[in-house]
Amino acid sequence: MHDNQSRRAFLKRSAALGIAGGAAPFVTQLAAIGEASAAVASDYKALVCVFLYGGNDYANTLPPYDQASWDLYNAQRSTLAHSRASLAATLLNPAAALPGGRQYALAPTMSGLIPLFDAGKLAVVLNVGTLVRPTTKAEYTAKSVALPPKLFSHNDQQSYWQASSAEGASSGWGGRIGDLLQSGNGTSALTCISASGNAVYLSGRSSIQYVTGTSGPTALINGASSLFGSATAASALRSIMGGARTHLIENEHATISKRALDLYAQVNGALGGAPAANFTLFPTGNSLADQLKIVARLISVSQELGAKRQVFFVSLGGFDMHDFLLRDHPGKVGQVADAMRAFYDTTAALGVADKVTTFTASDFGRTLTQNDDGSDHGWGSMHLVMGGAVNGRRFYGTAPAIGTNTADDVGQGRLLPSTSVDQYAATLASWFGVSSGNMATVLPNIGNYSTTTLGFV
């Protein structure tokens, strides 16, 4: 019993090191030794989180289009607003109109996503944000209800989005989904995969994220087949690194090292069978596209890797635009749209579009009112969900009132979320195979909501 507890403590500390980004590659490359899973899948599904670090500006990503709403939007950011004429080509025409004649468009540089929306492969979720429980403006003002800690703080809200807990969380909801489903995979260590370094989102209580580069897995000892020109020496080094030890900590170190070496060989070998001709749709000079390309390559060899359920994480930074919003934001969201469109088209060409659901996330939205030529930290925001299984060409959630001093505004056009991250995540988790009985394990606050799934997938 004592040895088991020590072993688990070692693994838990190793995971914490990985989250902090200070661990050696052999730690960050590994998934945990799997504990008993609560679910076993027979088909394949993948969830792909696209995290926009810095807090994406919701108002210029999904600008209001109907004349009355656009006038209110323009009044709050007269030098930052997209002109109504420039939005005509990206007007979203949903299957079911929003109440009150409300209309939205995507930013002009996101035009590549319009065909996906029109084809029912893209949905928009309105006013999503971190909450502990449903919250009214009166409750927020009176501080009579529990709120996420340190609202408007980058680190804490990134963590709360990804983990339902403030900075320092040891597991995220993507990793906790992995905990439940990893034993159904041939290699449990390939359940939670990041192409963007360590993220708490993918850290589970038993599963630990596997981190890959955009060109493929990162090799220990550079994947060398020889050492000082000797294949025998290289083999001996691997044996030394992964050989069994009598000391508990040494043996765990060796076990982890061996697994990392084995995983590199397994993943690298499988990717060698993914023809480059299958991945030509991705744009160059786009770091998000590079990450989604390796995700697509890994999905294409999921059968060879024995994977039934995989959770992926990719990200793009630079969205903290207190300045130069009009100059810089169009290019950023254009990169997101181009990368997501290429990813969807590639999954469609591979015949797995209905098995892959991609969704956006970000620290928070931003203020509707402009601060010189930028916007400040906010709360609720708008998000996109994409995939062949998505019930698209629709808006989900409630369209917020536009302006300041509204029932949806907690100051400067900061949106009080009407849909929680928990509800957003529960909808995705349910599609992925998490049962209602296990949902609270993934999302501890989900019991606070009467509506737990939103129907977008």
Side-chain angles (χ1 to χ4, degrees), residues 15-23 28 47-58 61 125 127-132 146-178 192-204 208-209 211 287-288 291 311-322 329 332-333 335-336 358-367 374-385 410 414-417 419-426 428-429 442-445:
L17 283 172
I19 294 165
T28 62
L47 275 179
V48 183
C49 176
V50 177
F51 204 92
L52 310 179
Y53 278 108
N56 183 37
D57 186 272
Y58 74 85
T61 300
V125 188
N127 196 11
V128 184
T130 57
L131 290 170
V132 176
L147 295 170
K150 300 181 182 178
L151 284 172
F152 321 128
S153 156
H154 285 296
N155 292 352
D156 288 282
Q157 294 311 298
Q158 287 164 10
S159 180
Y160 211 87
W161 244 101
Q162 296 182 29
S164 303
S165 185
E167 186 179 17
S170 60
S171 70
W173 57 267
R176 295 192 291 266
I177 289 173
C192 299
I193 301 178
S194 174
S196 182
N198 294 307
V200 69
Y201 170 74
L202 285 184
S203 294
I208 301 175
Q209 61 196 295
V211 179
S287 64
L288 183 61
Q291 294 169 56
V311 187
F312 294 93
F313 183 87
V314 298
S315 71
L316 185 65
F319 286 89
D320 191 22
M321 297 184 188
H322 294 277
H329 190 257
K332 282 290 182 183
V333 292
Q335 288 180 57
V336 173
T358 305
F359 61 96
T360 63
S362 188
D363 318 18
F364 36 61
R366 302 190 77 83
T367 56
S375 58
D376 294 327
H377 299 179
W379 194 356
S381 193
M382 316 302 191
H383 288 287
L384 304 176
V385 185
V410 297
R414 293 184 175 96
L415 295 180
L416 171 63
T419 295
S420 72
V421 173
D422 294 294
Q423 293 169 297
Y424 186 66
L428 295 161
V442 174
L443 300 159
N445 295 324

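Across every non-hydrogen atom of Leu52 and Val336, the tightest pair is CD2-CG2, 3.7 Å. Smallest separation of non-hydrogen atoms from Pro148 and Leu151: O-CG, 3.7 Å. Between Cys192 and Gly175, the shortest heavy-atom distance links the atoms SG-CA, 4.1 Å. Of all heavy-atom pairs between Gln209 and Gly197, the closest is OE1-O, 3.7 Å. Contact record, Pro417 with Thr130: CG-O, 4.2 Å, taken as the closest heavy-atom pair.
To the nearest 0.5 angstrom, Tyr58 atom OH is 3.5 Å from Leu415 atom CG. Interatomic distance, Leu202 CG to Trp173 CH2, rounded to the nearest 0.5 Å: 10.0 Å. Taking CD of Gln158 as the start and OG of Ser362 as the end, the distance is 8.0 Å to the nearest 0.5 Å. Atoms OH and OG, from Tyr160 and Ser165 in turn, are 7.0 Å apart once rounded to the nearest 0.5 Å. A distance of 11.0 Å separates OG of Ser159 from CG of Asp363, quoted to the nearest 0.5 Å. The distance from atom OG1 of Thr360 to atom CG of Leu316, rounded to the nearest 0.5 Å, is 12.0 Å.
None of Asn56, Thr61, Asp320, Asp57 except one satisfies the side chain to side chain donor-acceptor pair (under 3.5 Å) rule with Arg366; the exception is Asp320.
Listed by chain and number, the residues in a side-chain hydrogen bond (donor to acceptor under 3.5 Å, both in side chains) with Asp376 are His322, Asn371 (sequence neighbours excluded). Not counting sequence neighbours, the partners of Ser420 by the side-chain hydrogen bond (donor to acceptor under 3.5 Å, both in side chains) test are Gln423.
Arg176 places no side-chain N or O within 3.5 Å of a backbone atom of Leu443 that could act as its donor or acceptor partner. Although no hydrogens or angles enter the test, the distance criterion places no donor-acceptor pair under 3.5 Å between the side chain of Trp161 and the main chain of Gly129. Looking only at distances, a side-chain donor or acceptor of Gln157 sits under 3.5 Å from a matching main-chain atom of Pro149.
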Apply side-chain contact (heavy atoms from CB on, under 4.5 Å) to residues Thr419 and Asn127 and explain how you reach the verdict. CA-CA 6 Å; Thr419 295; Asn127 196 11; 6.0 Å; no
Pair Glu167, Lys150 - check side-chain contact (heavy atoms from CB on, under 4.5 Å), show working. CA-CA 10 Å; Glu167 186 179 17; Lys150 300 181 182 178; over 6 Å; no
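Classification of the Phe313-Tyr201 ring pair by plane angle, with boundaries at 30° and 60°, yields tilted. Aromatic ring pairs are classed by plane angle as parallel below 30°, tilted from 30° to 60° and perpendicular above 60°; the pair His154 and Phe364 is tilted. Classified by interplanar angle (parallel below 30°, tilted 30° to 60°, perpendicular above 60°), the ring pair Trp379/Phe152 is perpendicular.
Side chains of Phe312 and Cys49 form no contact here, defined as non-hydrogen atoms less than 4.5 Å apart.
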